[in-house]
Enquirer: 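To start, I am sharing the structure in question, which I have written as structure tokens.
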Amino acid sequence: MEQEELHKELSEDEEKSRIGETDEENEQSDSMKSAHLSDWQRRHEELAANKEEIRNRIRNTQTGNVTLHPAKPQPSITDGDMSVAVYARVSTKSEEQVSSIENQTLYYSKKIEDTPNWTMQKIYSDEGKSGTSMKHRTAFNQMIEDAGKKDFDLIICASVSRFARNMSDCMNVIRQLKTKNPSHPVGVYFETENIYTLKEDSMQSLSIHAMLADWESATKSSRMFLSYDQRIIMGQYPVSDLLGYRHTKDGRLIIQEDEAVTVRFIYMAALAGYGLTRIAEILTEKKRPTLKGRTEWNAGMVSSILSNERRWGDLEARKTVVVDYVDHKSKKNEGERVSAYVEGHHEGIVTPEIAKAAKLAVTSRATGYSIPDVRVICSGGLQGFVSVNPCFSGVNRDMMKNLSRIAYSDEEYAAIEQEARIISGDEHCKVMSMDFSGYYVPYSAYFIGRDTPTLTNSQSRIKFNSKCLERFAGVQFVELLYHPLLQMIVIRDSDATCGFNIFTDDGSTISSFSTKAFCQAVYEEMDWIQDYSFRFRGIMRERGSHKAMAFYLDEPQVVKNKASQKAAESVGEKQAELSSRFIPITNSELKNPSETKRRKGSLYPIRKRRDSILDSLTYEDISGCGTLVDNPVIGTIPTRQDILDEIDDLLMSM
């Protein structure tokens, strides 16, 4: 009982204590609210006082003896006397556009004359100029320059689109005219839109019209692209006048005989070995006019005519495409838009064969006559060898294989092909000789020394060492013979008809020749790695006063250089092994190094067969010419003498 009473008393005391604490907290909260309310009231009263102070200051303002100067009214094109310039532009030089610009000139001349406060200063006009750029608008740029000199007060233009179709250019020029001379701003009045740019509210309206002109230009460009696509697809190809041709309304090109003389001379002179600069000099001396009447020629102009397919009767539509309609930037059409190439579209001034040969002549590095004869030896010890100037760019692998085949019957060629497969290791040796079948002879490359005549073949050049040239001392020209199946090159003395010069005019030797096309053909046939160069030992044979030297292409010494070192390291080989046959030297070996052929020499029957070819060479074999054939890469072209005779006739007619 006592415990219950004690518990009750404690509970009552705790309750009183809590009530006391709550009362104290409530008092503190009321105090804080009161303080906050007082702060808000204070700031409110200060704000109200400030406002009242402003009102009183305005109410009590004294004007006194102040004289007001009101702003000038908005500028107008009829205010005061004005010196006026006119700008007119048309985008093409067609008859309709010429009429348009003349009408604009007459119209504004009369308008200015009939306006009392206007005086005509100058009319600026651009014909055949696009409004999307200011780069080539000579009259427009001159007008802006004259405006900066305060030559006039006002420019009148028919519309915003005539002034500029590029929004950025339009707005920038307008600002420049207003601010370049702040004391003498020049305004532009666009009659169609009724906008005068010196008015304060003009810029917003002008920006809208400038944007519409820009948009219209972009839309027009897209329409032209689509129209061009449709015309090409329907076979309606665009044609235009060019030197040697005039076009008709129905899209035909008609030869202009007098101008065609110039074009034909360019092609025939290129065939005869004339350089582009020399051709240009002759045309300048003869005062031969270009399409636009110029009589000064340069190498670039000659090259342009040589590369234009319309001169040999073909037509290529849309060679380039515009990638930016504002800057008129264009690039070669690489499938971005529809294009077409039409063979035999019209009568050519020259044949396609002459045109192709002329272009190859220009790109070749051959000395003398740039289109060398191609010959095949059809009989004798050098049967199947192809004679071609290695400096000429009009050769390739298939061409030389097809020409070599001409010399054989089907049975003979099949036997040669089998022998070629054995040489390359693609087929095991069958009994080609009853003696020493299956034996190997060391590669001739192992016997290359300082006194050894050699030929070095890289992917773009052939080079004879000094010992090789010494063996041909007294020989002016040498001829290169190549057999694509037997994998042999033979060099023999020759004349200017079949050979190329190994001496300069002062008598010094020429040891290195640019032979990119020929070397590429050999590399493809041999499957050689492009990064390597290869050196071969020459084997000399003489018959009377004539000499021949043979090189076996399957017995190379790999030349040490940075490129070959890198190629060897890519398959984990050491530099010391570069002169060895045991490293990958063909692309197929490089892809599969484990299959690299480990032969230490050439098969004895094959070597014996080759040596027998050299040993059996007769005086007639070394000295005789092969059978002249058409170069299949080019086709039939006039003979050298016919070309020279025609050049003389063309020069006489100029």
Enquirer: Looking only at side-chain N and O atoms, does Asp146 offer a donor or acceptor that is under 3.5 Å from a partner on Gln142?
Expert: yes
Enquirer: Please name the residue in the list Trp312, Tyr237, Tyr245 that meets the ring-ring contact (aromatic ring centres under 6.0 Å, His included) test with His346.
Expert: Tyr245
Enquirer: For this output row, return yes or no: ring centroids of Tyr482 and Phe518 closer than 6.0 angstrom.
Expert: yes
Enquirer: Donor-acceptor check, side chain of Asn396 to backbone of Val633, threshold 3.5 angstrom: yes or no?
Expert: no
Enquirer: Heavy atoms, side chains only, cut-off 4.5 Å: are Leu553 and Phe534 in contact?
Expert: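 The answer is no; the side chains never approach within 4.5 Å.
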Enquirer: Would you check if Thr586 and Met526 make a side-chain contact, meaning some heavy-atom pair closer than 4.5 Å?
Expert: no
Enquirer: Using side-chain heavy atoms (C-beta onward) and a distance below 4.5 Å, is Leu480 in contact with Ile462?
Expert: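 They are in side-chain contact.
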Enquirer: Taking Ser404 for the side chain and Lys401 for the main chain, is one N or O donor matched with an acceptor at less than 3.5 Å?
Expert: no
Enquirer: Output yes when Arg278 and Glu281 qualify as a salt bridge under the 4.0 Å nitrogen-oxygen rule, no when they do not.
Expert: yes
Enquirer: Is the shortest side-chain heavy-atom distance between Val362 and Ser303 below 4.5 Å?
Expert: no
Enquirer: Strictly by salt bridge (Lys or Arg N to Asp or Glu O under 4.0 Å), give each pair with a member in residues 620-632 just once, sequence neighbours left out.
Expert: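 Not a single pair qualifies under salt bridge (Lys or Arg N to Asp or Glu O under 4.0 Å).
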Enquirer: Could you list the donor-acceptor pairs under 3.5 angstrom formed by side chains in residues 259-271, with sequence neighbours left out?
Expert:
| residue | atom | partner | partner atom | Å |
| --- | --- | --- | --- | --- |
| Glu259 | OE1 | Gly244 | N | 2.8 |
| Glu259 | OE1 | Arg246 | NH1 | 3.0 |
| Glu259 | OE2 | Arg246 | NH2 | 2.6 |
| Thr262 | OG1 | Arg288 | NE | 2.8 |
| Thr262 | OG1 | Arg288 | NH2 | 3.1 |
| Arg264 | NE | Glu646 | OE2 | 2.1 |
| Arg264 | NH1 | Ile349 | O | 3.1 |
| Arg264 | NH2 | Glu646 | OE1 | 3.4 |
| Arg264 | NH2 | Glu646 | OE2 | 3.2 |
| Tyr267 | OH | Ile305 | O | 2.8 |
| Tyr267 | OH | Leu306 | O | 3.3 |

Enquirer: Within the 4.5 Å heavy-atom criterion, are Met488 and Phe551 side-chain neighbours or not?
Expert: no
